[in-house]
Amino acid sequence: MSRDDLLRKNYQIVSSVTRQAMEHSPDAILVVVSNPLDAMVQTALRASGLPKARVVGMAGVLDSARMRAFIAAEVNVSVDNVHAFVLGGHGDDMVPLPRYSTVAGIPLPDFMSEEAIARIVERTRKGGGEIVAYLKTGSAYYAPSAAIVEMVDAILKDKKKILPCTAYLEGEYGVDGLSLGVPVKLGRSGVEEVIEIKLTPDEQAALDRSAAAVRELTEKIGV
Ligand SMILES: NC(=O)C1=CN([C@@H]2O[C@H](COP(=O)(O)OP(=O)(O)OC[C@H]3O[C@@H](n4cnc5c(N)ncnc54)[C@H](O)[C@@H]3O)[C@@H](O)[C@H]2O)C=CC1
Ligand SMILES: CC(=O)C(=O)O
């Protein structure tokens, strides 16, 4: 099955499942996991008719957990000391942000060589594929499940927790009318706020490329 075939097939499944869920739970908050993630979040948003705050996608929590693990292994410290920051779509164009990633509060560029950072950024981008290559017939399940639990816990317990999630943007980060991975505040209303951070021109250009890749998919399926 080509990527386009998969896009169209999952578009049909996610649209249909969302409409059925809405019949029974019209006030739900939807946490979308299906791939291609950002395009499927937008599919669920359109199919549900829910306000944008109630449709959110899981990818950034997983991608930043992977980045944290890779950093911790590289510098041989507890993963508890590491914070990692990933923006953008859940694909090869995702935007890991070393400047906002820290080891015990120290920004990554002050802690690791440029070469090591570049290796970790690349491995983070390809993390999903790395697991699929090991499993052969399926994709990652343990870390994605833990990421979903963290998001649902933040919503159910109204934690107001800032997590990287896919949310519908209307001008934030210069992106309009597209679901994309950004830091958001998650609480009982769903996406309660999109947190905007300052990006360098290079980081903004990388985010723009990632947004363009997601928009190509949403335009193909007309969502
Ligand atoms: N956002 C993320 O970070 C991640 C996303 N994923 C994505 O999550 C999705 C599911 O992955 P897995 O659970 O590993 O796949 P899986 O193959 O284990 O499960 C898919 C399920 O969908 C059901 N299904 C198939 N066609 C259906 C239909 N027409 N209506 C209703 N249900 C249908 C199947 O019966 C099966 O239970 C995939 O798109 C995968 O790429 C997986 C891991 C991480
Ligand atoms: C399957 C997938 O999207 C992941 O493991 O990142």
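Every number for a ligand or one of its atoms is a count from 1 in the order of the listing.
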Tabulated below should be the N or O atoms of ligand 1 paired with protein N or O atoms at under 3.5 Å; can you produce that?
residue  : atom   : partner : partner atom : Å
ligand 1 : 1 (N)  : Val33   : O            : 3.0
ligand 1 : 1 (N)  : Met58   : O            : 2.8
ligand 1 : 3 (O)  : His90   : NE2          : 3.3
ligand 1 : 14 (O) : Ser139  : OG           : 3.2
ligand 1 : 39 (O) : Asn35   : N            : 3.1
ligand 1 : 41 (O) : Asn35   : ND2          : 2.8

Legend entry - Greater than 12 external heavy atoms within 6.0 Å of Lys9's NZ: no
Inset, instruction - Give, for atom CE of Met151 and atom CG of Leu62, the distance between the pair rounded to the nearest 0.5 Å. - result: 11.0 Å
Legend entry - Pairwise distance OG(Ser64) to CE(Met94) - rounded to 0.5 angstrom: 9.5 Å
Legend entry - From Tyr141 atom OH to Leu135 atom CG, the distance as rounded to the nearest 0.5 Å: 6.0 Å
Inset, instruction - Determine whether the side chains of Ser179 and Asp38 contain a donor N or O and an acceptor N or O closer than 3.5 Å. - result: no
Inset, instruction - Using a strict cut-off of less than 4.0 Å between a Lys/Arg side-chain nitrogen and an Asp/Glu carboxylate oxygen, indicate whether Lys52 and Glu170 qualify as a salt bridge. - result: yes
Legend entry - Exercise: do Ser16 and Gln20 side chains pair donor with acceptor under 3.5 Å: yes
Legend entry - With sequence neighbours excluded, residues passing side-chain contact (heavy atoms from CB on, under 4.5 Å) with Leu169: Glu172, Val175, Leu180, Val182, Val194
Inset, instruction - Identify, with sequence neighbours excluded, every residue that meets salt bridge (Lys or Arg N to Asp or Glu O under 4.0 Å) alongside Glu115. - result: Arg119
Which N/O atoms of ligand 2 sit under 3.5 Å from a protein N/O, and at what distances?
residue  : atom  : partner : partner atom : Å
ligand 2 : 3 (O) : Asn35   : ND2          : 2.9
ligand 2 : 3 (O) : His90   : NE2          : 2.7
ligand 2 : 5 (O) : Arg66   : NH2          : 2.8
ligand 2 : 6 (O) : Arg66   : NH1          : 2.8
ligand 2 : 6 (O) : His90   : NE2          : 3.1

